[in-house]
Amino acid sequence: MSIRIVVKKNTYFDSVSLMSISTRANKLDGVEQAFVAMATEMNKGVLKNLGLLTPELEEAKSGDLMIVIKGASEAANDQTLVAIEELFTHKEQGGQHEARYATLASAKKHVPDSNLAVISVNGLFAAREARQALQNNLNVMLFSDNVSLEDELALKQLAHEKGLLMMGPDCGTAIINGAALCFGNAVRRGNIGIVGASGTGSQELSVRIHEFGGGISQLIGTGGRDLSEKIGGLMMLDAIGMLEADPQTEIIALISKPPAPAVARKVLERARACHKPVVVCFLGREAAPADEKGLLFARGTKEAALKAVLLTGVKKESLDLHPLNWPLIEEVRARLTPQQKYIRGLFCGGTLCDEAMFAAMEKHAEVYSNIHPDPAFRLQDLNRSVGHTFLDFGDDDFTNGKPHPMIDPTNRISRLLQEARDPEVGVIVMDFVLGFGAHEDPVGVMLDAIVEAKAIAAADDRPLEILGYVLGTSLDTPSLEKQCQMLTDAGVIWASSSTNTGLLAREFICKGEEA
């Protein structure tokens, strides 16, 4: 085994690009491990944990690019390095009119008509760059995470004063005037505007609206902490106002993980004052309030999408609502042994994880997660599942210095095999997200591990049910139909929506009556 290290001084690339290049580099022949990242202390810590940190890498500065290759031989590593260099060259030559600028101020000077900055840098520098963008009168989509609450509050207050969007930090999804930014799906244009304090929740809502025949005018992400007590819903409140003033938007839909109660009341008060109808989906266990005139409530993403689309004039009778397949549920229950009583959810999307977890909580005790709203049910050890466990691999716990699982599935593959060895596990649930920014073949990259997981259970003379959900539309690449067929061919049951995913999972291991 041989290791090749290259440090490129004062060579900056954004984290999204480096995540993509690292993922592609790790697929090259002869590569055991490839790591391409900026030389931040966080990334050095990752290398230290991998046993790959050398004095040369230790001395590298945060503005330096690190390329670390662990391969079969020096010759193989030389070939891999050439291939990685080609990945960088391909990126730089990808657009006919692409230009690079050293600073945001320089970019604004050379492209004065620009009005939006997408920022993806290490969290240590993200607030500074976002502040500069706002000061240059640019709307901001801040993909970076690990930004302090204090910085987030200050940035959103500045944006509010200037009448600008401040989407993020940790904002992964937006669709502005038909253009998907970072992670997003191919959905038709329409008259429904979405404000989401949730990335995959916003994607799921847009995809279900598309499936039901509606379309999206704008999708404004706020970042997952916007509805916290500290931030106070600043971006969601401003975004409601922007959509209210937007002539393309006739209906507004709000989606969020459980908000702080005081902030939820503030947002609902603003929604009641809106002259356009508003659908509200704040995920959680509590029953949704009764609908009001102009204000409709939904417990899940599927219901929220349906209510929004029905407001456009689409008739409910014309839609395929995909009711739960109870004969299938009974078949699965009959296959599982009495010992197989637990669900293990392995998710790329936080809201998809939340929706499945909350569905399980309605019928089962012992539901744990790394993102559980109740600290008593937060996992103490992320490496060990307890009872019904739902993991969000996109949370900071798993992505600190590592690619998002929608780009690189390595963490989830190893956990899938770990859960398959547990004789008390009956159902493993996974999501597969299609669209812009995501892995080019999210199902295909997991197939070998799925086959191995089923073989592990079969060798122990027990069944293992794997339930999958592919988030995407018929317009997405790769093909939604082909991705689902690949799951079927691998013996995986697939659900038609995030809502149905959670309901199926909880019912598969429940011996009770229909509900």
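Any value given below was found using the heavy atoms of this structure, including those in side chains, with hydrogens, waters and symmetry copies removed. Just so it is clear, the structure is predicted and the values come from calculations on it, not from any experiment.
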[X]: what forms a salt bridge (Lys or Arg N to Asp or Glu O under 4.0 Å) with it, not counting sequence neighbours?
{"X": "Asp291", "answer": "Lys307"}
{"X": "Asp246", "answer": "none"}
{"X": "Arg188", "answer": "none"}

Quick one: are [X] and [Y] in side-chain contact, heavy atoms under 4.5 Å?
{"X": "Leu319", "Y": "Val314", "answer": "yes"}
{"X": "Phe358", "Y": "Pro258", "answer": "yes"}
{"X": "Leu237", "Y": "Val267", "answer": "yes"}
{"X": "Leu434", "Y": "Thr477", "answer": "no"}
{"X": "Pro277", "Y": "Ile252", "answer": "no"}
{"X": "Met236", "Y": "Leu234", "answer": "no"}
{"X": "Met446", "Y": "Pro442", "answer": "no"}
{"X": "Leu352", "Y": "Asp392", "answer": "no"}

Do the side chain of [X] and the main chain of [Y] share a donor and acceptor less than 3.5 angstrom apart?
{"X": "Asn139", "Y": "Leu165", "value": "yes"}
{"X": "Asp431", "Y": "Gly349", "value": "yes"}
{"X": "Asn136", "Y": "Leu138", "value": "no"}
{"X": "Ser148", "Y": "Asp151", "value": "yes"}
{"X": "Lys257", "Y": "Arg225", "value": "no"}
{"X": "Thr173", "Y": "Phe183", "value": "yes"}
{"X": "Arg412", "Y": "Leu346", "value": "yes"}
{"X": "Asp226", "Y": "Gly223", "value": "no"}
{"X": "Ser497", "Y": "Lys302", "value": "no"}
{"X": "His110", "Y": "Ser106", "value": "yes"}

Exercise for review: Could you check Leu379 against Leu391 for side chain to side chain contact (heavy atoms under 4.5 Å, CB included), going step by step and ending with a plain yes or no?
Suggested key: CA-CA 9 Å; Leu379 287 175; Leu391 293 173; 3.4 Å; yes
Practice item. Evaluate the salt bridge (Lys or Arg N to Asp or Glu O under 4.0 Å) criterion for residues Lys230 and Glu152: first the C-alpha distance (whole Å), next the side-chain angles of each, then the deciding distance (0.1 Å), finally the verdict. Key: CA-CA 9 Å; Lys230 180 82 172 180; Glu152 179 174 350; over 6 Å; no
Exercise for review: Check side-chain contact (heavy atoms from CB on, under 4.5 Å) between Ala239 and all other residues, then give those that pass, not counting sequence neighbours.
Suggested key: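 Partners of Ala239 under the side-chain contact (heavy atoms from CB on, under 4.5 Å) test: Val195, Ile220, Met235.
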So, taking the atom named [atom1] in [X] and the one named [atom2] in [Y], what distance separates them when rounded to the nearest 0.5 Å?
{"X": "Arg131", "Y": "Leu104", "atom1": "CZ", "atom2": "CG", "answer": "12.5 Å"}
{"X": "Glu129", "Y": "Ser144", "atom1": "CD", "atom2": "OG", "answer": "9.0 Å"}
{"X": "Phe125", "Y": "Ser62", "atom1": "CZ", "atom2": "OG", "answer": "4.0 Å"}
{"X": "Ile216", "Y": "Arg189", "atom1": "CD1", "atom2": "CZ", "answer": "10.0 Å"}
{"X": "Leu243", "Y": "Leu254", "atom1": "CG", "atom2": "CG", "answer": "9.0 Å"}
{"X": "Ser369", "Y": "Phe390", "atom1": "OG", "atom2": "CZ", "answer": "8.5 Å"}

Taking all heavy atoms of [X] and all of [Y], pick out the closest pair and write down the distance.
{"X": "Arg270", "Y": "Gly241", "value": "NH2-CA, 3.5 Å"}
{"X": "Leu382", "Y": "Arg415", "value": "O-NH1, 2.6 Å"}
{"X": "Gly232", "Y": "Lys266", "value": "O-NZ, 3.5 Å"}
{"X": "Lys276", "Y": "Glu250", "value": "CB-O, 3.7 Å"}
{"X": "Ile413", "Y": "Val445", "value": "CD1-O, 3.9 Å"}
{"X": "Cys171", "Y": "Thr222", "value": "SG-N, 4.3 Å"}

Practice item. Test side chain to side chain contact (heavy atoms under 4.5 Å, CB included) on Met38 and Asp64 and set out the steps. Key: CA-CA 6 Å; Met38 300 306 296; Asp64 299 340; 5.8 Å; no
Flag yes if more than 12 heavy atoms outside [X] fall under 6.0 Å of its [atom1] atom; otherwise flag no.
{"X": "His322", "atom1": "NE2", "result": "yes"}
{"X": "Lys109", "atom1": "NZ", "result": "no"}
{"X": "Gln135", "atom1": "CD", "result": "yes"}

Review point. What residue among His388, His364, Glu362 forms side-chain hydrogen bond (donor to acceptor under 3.5 Å, both in side chains) with Arg506?
Key: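 Of the listed options, the one satisfying the test is Glu362.
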Point to revise | The single option from Val279, Ile175, Ile209 passing side-chain contact (heavy atoms from CB on, under 4.5 Å) against Ile194 | key: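 Among Val279, Ile175, Ile209, the one meeting side-chain contact (heavy atoms from CB on, under 4.5 Å) with Ile194 is Ile209.
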Point to revise | side chain to side chain donor-acceptor pair (under 3.5 Å) involving Ser217 - partner list, sequence neighbours excluded | key: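 For Ser217 the side chain to side chain donor-acceptor pair (under 3.5 Å) partners, ignoring immediate neighbours, are Thr249.
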Practice item. For Phe393 and Asp395, run side chain to side chain contact (heavy atoms under 4.5 Å, CB included): C-alpha distance rounded to whole Å, both residues' side-chain angles, the deciding distance at 0.1 Å, then the answer. Key: CA-CA 5 Å; Phe393 283 92; Asp395 189 66; over 6 Å; no
Practice item. Only pairs at least two apart or in different chains count here, so list each side-chain hydrogen bond (donor to acceptor under 3.5 Å, both in side chains) that has a residue in residues 467-476. Key: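 Of all non-adjacent pairs touching residues 467-476, those that pass side-chain hydrogen bond (donor to acceptor under 3.5 Å, both in side chains) are Asn185-Asp476, Glu204-Tyr469, Arg208-Tyr469.
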Exercise for review: May I have the step-by-step check of side chain to side chain contact (heavy atoms under 4.5 Å, CB included) for Met141 and Cys182, ending in yes or no?
Suggested key: CA-CA 9 Å; Met141 182 176 185; Cys182 294; 3.9 Å; yes
Check your understanding: Cation-pi between Arg344 and Phe508: NZ/CZ under 6.0 Å from ring centre and within 45° of the ring axis?
Key ->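 Arg344 over Phe508 ring: no.
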Taking atom types as modelled, is there a side-chain donor on [X] or [Y] under 3.5 Å from an acceptor on the other?
{"X": "Asp354", "Y": "Thr351", "result": "no"}
{"X": "Glu355", "Y": "Thr301", "result": "yes"}
{"X": "Gln218", "Y": "Asn177", "result": "yes"}

Check your understanding: Does a salt bridge link Glu292 with Arg272, judged by any charged N lying under 4.0 Å from a carboxylate O?
Key ->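 Yes, Glu292 and Arg272 are salt-bridged.
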